[in-house]
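One structure is given below, encoded as structure tokens.
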Protein chains: 2
Amino acid sequence: METLRKRRGTGRVTLADVAKSAGVGAMTVSRALRTPEQVSDKLRDKIQQVVEELGYIPNQAAGALASGKSDSIALILPSFTDKICCDFIPFFQEILNQAGYQLIIGYSSYSITQEEQLLSTLLANNPAAVVLFGSEHSAQTVKLLKNSQAAVLEIAEINELCIDLNVGTDHYQSSKEMTRYLIKQGFQKIAFVGARSEQSILRKQLRGWQAAMLENYLAPDHFLTSNDEPNIELGSEGVAKLLLQQPDLDAFIFSHEEIAMGALFECQRRVLQIPKDIALTCLDGSTFSEKCIPRLTSIEINYAKMAKKAARRLLERLTGEDQGTSKQIDIGFKLCERASS
Amino acid sequence: METLRKRRGTGRVTLADVAKSAGVGAMTVSRALRTPEQVSDKLRDKIQQVVEELGYIPNQAAGALASGKSDSIALILPSFTDKICCDFIPFFQEILNQAGYQLIIGYSSYSITQEEQLLSTLLANNPAAVVLFGSEHSAQTVKLLKNSQAAVLEIAEINELCIDLNVGTDHYQSSKEMTRYLIKQGFQKIAFVGARSEQSILRKQLRGWQAAMLENYLAPDHFLTSNDEPNIELGSEGVAKLLLQQPDLDAFIFSHEEIAMGALFECQRRVLQIPKDIALTCLDGSTFSEKCIPRLTSIEINYAKMAKKAARRLLERLTGEDQGTSKQIDIGFKLCERASS
DNA sequence: GCGCTACCTGATAGCGCTACCAAATGTGTG
DNA sequence: CACACATTTGGTAGCGCTATCAGGTAGCGC
């Protein structure tokens, strides 16, 4: 009987087990799995067979430690319920998974402090890249990122001062364009209702609306914002409050679809004709805007496209094939003109 | 000059650096961070200070390798857009993060093959636990899970044959209860429209509806299912097609809120009075059901509660404090009676 | 044949951390 | 003061894998 004072392995099949069983060296097995082209056909097949036979699953921790590289990518999102996040993740993940990366997802609930804390935990995994939402981060977050050798990607908003890579859209422009469009349609008293008022996205949208109003000599006086998450109540309340304040408002811009939904219900309750009495539009439309009655004019942002561009751009960076490629990608937006205006 | 032929470290601050700088042994630093109560106050403070000074971040891979344990939990969800997933993740993650675990999230798009493939990749991280959605998995998936020493948790559906832990609700019962409720309200010609028809959740809902109809001597003849994801079109189409088939239907049950949304629009288009002409209900209601006009009677499932119970139960298992605790938790559901019926 | 390159394979030495033991230090008892 | 005993600390040997280098084999031209 052996002295087994020292801890033994976990009992799982290791690379060494495969090597012994296949009658080759450990390195050859490692190469057969990681860089198959460096191994002769004969041995590669043999090894592949033994791998399947024994049900070998590589130990990621050991690999990461030995190589100093890691195949994990940290993704910190502010929310999982927001449309952008839900639409973004699957496409992003799919492409990265195919390239052999794992997503580790964290959730900051729109707090830069929580983002920072999460980041420092996630960095313990030594991720190949860190993906952050938005452009607002704590100083410490930025410092941690610069100290780590991880690639950094900021998504959602176009941000001139981005840390490294940046894929997003310009919320100032889209809001401005919507407002201009409404003005061109003959609407004049255009109100704005937005949620997550402390986020820079909303601030940009608000500024876009203001700018378009001012350039047409209209007063951007009627708006309502809340720092809560977008919800149906805000839409109902917004319509109610602003109409009380100024009964002859003729159009509304909502930052999010959920808010527009509440506004639509409120207008139904008041038996207001859309768009005759009032126009409703939103800056973040998708299925509801497209299907409700009447259909809502909205800005549509293609989050699937954003996810794909972001994933591809990130992979370029990780493989080092991104010489001369732009660090910033603006995925644009689409103004969808529909019945509500 | 030293010969530095052998690769050097990554350049990051290591535990050894901290130990040297604090003038203590490496083990003491390790303990100070992992089991602080085993280190004297003086040294613990000293070490903590050096850690902050140097900005030391532990290398998770090394720790996992050395200890054979891992603080990652693999979560494989079928979708990121489904309400259940969006609502589930944040609460689940929050509790587990606080307990020091990291979530690694994968996405199977409702395919058990993809689930299996994802699982085998995720197992390379040697996760402490694997969380799966639903009760349907490939044989290979079950085998992989049994071979790994990871705890296994299946969420969403109550499943008598669960692999290990199980937290969810009974979709057969909730559907049956909704049908019984409608019958008690005097509705008789009750139709069913559901999405994701190949998922066991939908099959259970369909069976619940059928059972309740049959026990009241009503024929469960009018139903429409689609294997697509729930969407607004299916609601509009479902109402249109089934009313064509049987014009005097007096009630509908929809598996998902999105479908009910489409149905509601279709009824508005047809100027049908709800619930006088027709009742609309859904089995997976949340904000829309509660806020739309008229408000929809629906089954509400508390996903936040599900996430919390699931996380707590899992932690009990991981810390081994779950002797005598049930492996299965039914979180129930609530029938919310509203204006639409 | 020899020298040369090109390719394949394997032995070795870590990657940074923690389990394990052993040693050192403090604490209380006879 | 010697002794057992608990508490705190440190040295050592891996965890399973890969980078690196060295050795081996094959193919080619002279």
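Below, chain A is the first sequence line, B the second, and so on; all start at residue 1. Nothing here was measured: the structure is a model prediction, and the numbers come from that model.
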For nucleotides 7-9 of chain C, tabulate all protein N/O to nucleotide N/O atom pairs closer than 3.5 Å, reporting atom names and distance.
{"from": "C:dT9", "atom 1": "OP1", "to": "A:S40", "atom 2": "OG", "distance (Å)": "2.7"}
{"from": "C:dT9", "atom 1": "OP2", "to": "A:S40", "atom 2": "N", "distance (Å)": "2.9"}

Just distance, no hydrogens or angles: give the donor-acceptor pairs under 3.5 Å from side chains in residues 18-41 of chain B, sequence neighbours left out.
{"from": "B:D41", "atom 1": "OD1", "to": "B:R44", "atom 2": "NH2", "distance (Å)": "2.8"}

For [X] and [N], give me the distance from atom [atom1] to atom [atom2], rounded to whole Å.
X: A:L33; N: D:dA19; atom1: CG; atom2: C1'; answer: 17 Å
X: A:M27; N: D:dT18; atom1: CE; atom2: P; answer: 7 Å
X: A:Q149; N: C:dC15; atom1: CD; atom2: C1'; answer: 13 Å
X: A:I57; N: D:dC15; atom1: CD1; atom2: P; answer: 20 Å

Under a 3.5 Å cutoff, is there a donor and acceptor pairing between the side chains of B:T81 and B:S79? yes
Requested in this report: Give a yes-or-no answer on whether the side chains of A:E157 and A:S200 include a donor-acceptor pair shorter than 3.5 Å.
Outcome: yes
Secondary structure of DNA chain D per the Watson-Crick/G-U criterion (both distances under 3.5 Å; [ ] crossing, | other strand, . unpaired) is ||||||||||||||||||||||||||||||
At less than 4.0 Å, is any side-chain N or O atom of B:S30 found next to OP1 or OP2 of C:dC17? Yes or no.
no
Check: Base, sugar-phosphate, or nothing: which does A:G68 touch, judged by heavy atoms less than 4.0 Å apart?
Finding: nothing
Regarding the side chain of A:S67, the nearest nucleotide among D:dA19, C:dG14, C:dC17 is D:dA19
In terms of side-chain geometry, is the basic nitrogen of A:R317 or A:D164 positioned less than 4.0 Å from the acidic oxygen of its partner?
yes
